[in-house]
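The next block holds one structure in the form of structure tokens; read it before the comments.
Just so it is clear, the values below take in all heavy atoms, side chains as well, and ignore hydrogens, waters and symmetry mates. On a predicted model such as this, the values are computed, not experimentally measured, just so you know.
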Amino acid sequence: GASGIFSYSVVDMSLNGGSGDVTVKNAPLVNNGGDEKVTAVRHCNRKDIWVITHNLGDNAFHSYLLTNAGVSAAPVISNVGLVHNDCRGPMKASPDGKHIASASYVEGSDLFDFDNATGVVSNAITLSSGSFEYGVSFSPNSKILYIAHVAGGIDQYDLTAANILASKTPIMS
């Protein structure tokens, strides 16, 4: 949303002859959500969805549970990892929902554990600091993380390694 407010809208698809209609418009969730980072992870019940955002100016992750009843009023807040003072950069969840990676154009990149039962983000591993990154992606089997640098180059990390940080391998420069 505009002005650093992260908001949501609800469309009821049973309205308007099955074409749907907006029933809730621009409901605010986070007032400090000026960061570009947002991702979604399926809850361990395989039915509900966690929507995870990151604040601008601190290291707070906000995990909102989305169920058939709507969006949870209070998020699970996890303060972990780098402080983001620049809004640019992606955040992505691994296909298995166990990890989240975040890259910042200015601050660098982090890898986290994600608990898809509780919504808690934890165990930050700072992969780089101040290296102008703007791309993150996981392999389909969730075992490899790729970080792309703005100036060019991609680094690969083995998430099954005993020391993930030491597993860094430049695969493109």
Without hydrogens or angle criteria, can the side chains of Asp110 and Ser102 be said to hold a donor-acceptor pair below 3.5 Å?
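No donor-acceptor contact under 3.5 Å links the two side chains.
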
Applying a strict under-4.5 Å side-chain criterion to I, L, V, M, F, W and Y, I'd like to know whether [X] and [Y] cluster together.
X      : Y      : answer
Val71  : Val22  : no
Ile77  : Val41  : no
Phe138 : Phe61  : no
Ile164 : Phe114 : no
Val38  : Val10  : yes

Gap separating the [atom1] atom of [X] from the [atom2] atom of [Y], nearest 0.5 angstrom:
X      : Y      : atom1 : atom2 : result
Ile147 : Ser109 : CD1   : OG    : 4.0 Å
Ile100 : Asn123 : CD1   : CG    : 12.0 Å
Asn59  : Leu82  : CG    : CG    : 8.5 Å
Lys47  : Leu66  : NZ    : CG    : 11.5 Å
Asp113 : Ile125 : CG    : CD1   : 7.0 Å
Thr23  : Met13  : OG1   : CE    : 11.5 Å

Side chains of [X] and [Y] in contact at under 4.5 Å (non-hydrogen atoms):
X      : Y      : answer
Leu159 : Leu111 : yes
Lys98  : Asn116 : yes
Leu145 : Leu127 : yes

Closest heavy-atom pair and its distance - [X], [Y]:
X      : Y      : answer
Ala60  : Asn79  : CB-ND2, 3.5 Å
Ile49  : Ala40  : CG2-CB, 3.9 Å
Lys143 : Ser139 : N-OG, 3.3 Å
Thr118 : Val76  : O-CG2, 3.3 Å

Residues His149, Asp155; criterion side chain to side chain contact (heavy atoms under 4.5 Å, CB included); working and verdict
CA-CA 8 Å; His149 301 272; Asp155 292 329; 2.7 Å; yes

Has [X] got a side-chain atom pairing as donor or acceptor with [Y]'s backbone, closer than 3.5 angstrom?
X      : Y      : answer
Thr169 : Ser167 : yes
Asn55  : Asp58  : no
Ser142 : Asp96  : yes
Asn16  : Ser19  : no
Ser63  : Gly119 : yes
Ser94  : His99  : yes
Thr67  : Ala69  : yes
Asn45  : Asp48  : yes
Lys37  : Gly89  : yes

For Tyr157 together with Tyr146, are the ring centres under 6.0 Å from each other?
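Aromatic pair excluded; centres sit 6.0 Å or further apart.
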
Which pairs, with at least one residue in residues 63-78 and sequence neighbours excluded, count as a salt bridge (Lys or Arg N to Asp or Glu O under 4.0 Å)?
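The answer is none; no pair qualifies.
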
Parallel, tilted or perpendicular: which one describes the rings of Trp50 and His43, with boundaries at 30° and 60°?
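Rings of Trp50 and His43: parallel, as their planes differ by under 30°.
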
Using the side chain to side chain contact (heavy atoms under 4.5 Å, CB included) rule, take Thr160 and Ile144 through it: C-alpha gap first, then chi angles, then the decisive distance, then the call.
CA-CA 8 Å; Thr160 66; Ile144 304 293; over 6 Å; no

Can you name the one residue among Ile52, Val120, Val121 that meets side-chain contact (heavy atoms from CB on, under 4.5 Å) with Phe112?
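Output: one option passes, namely Val121.
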
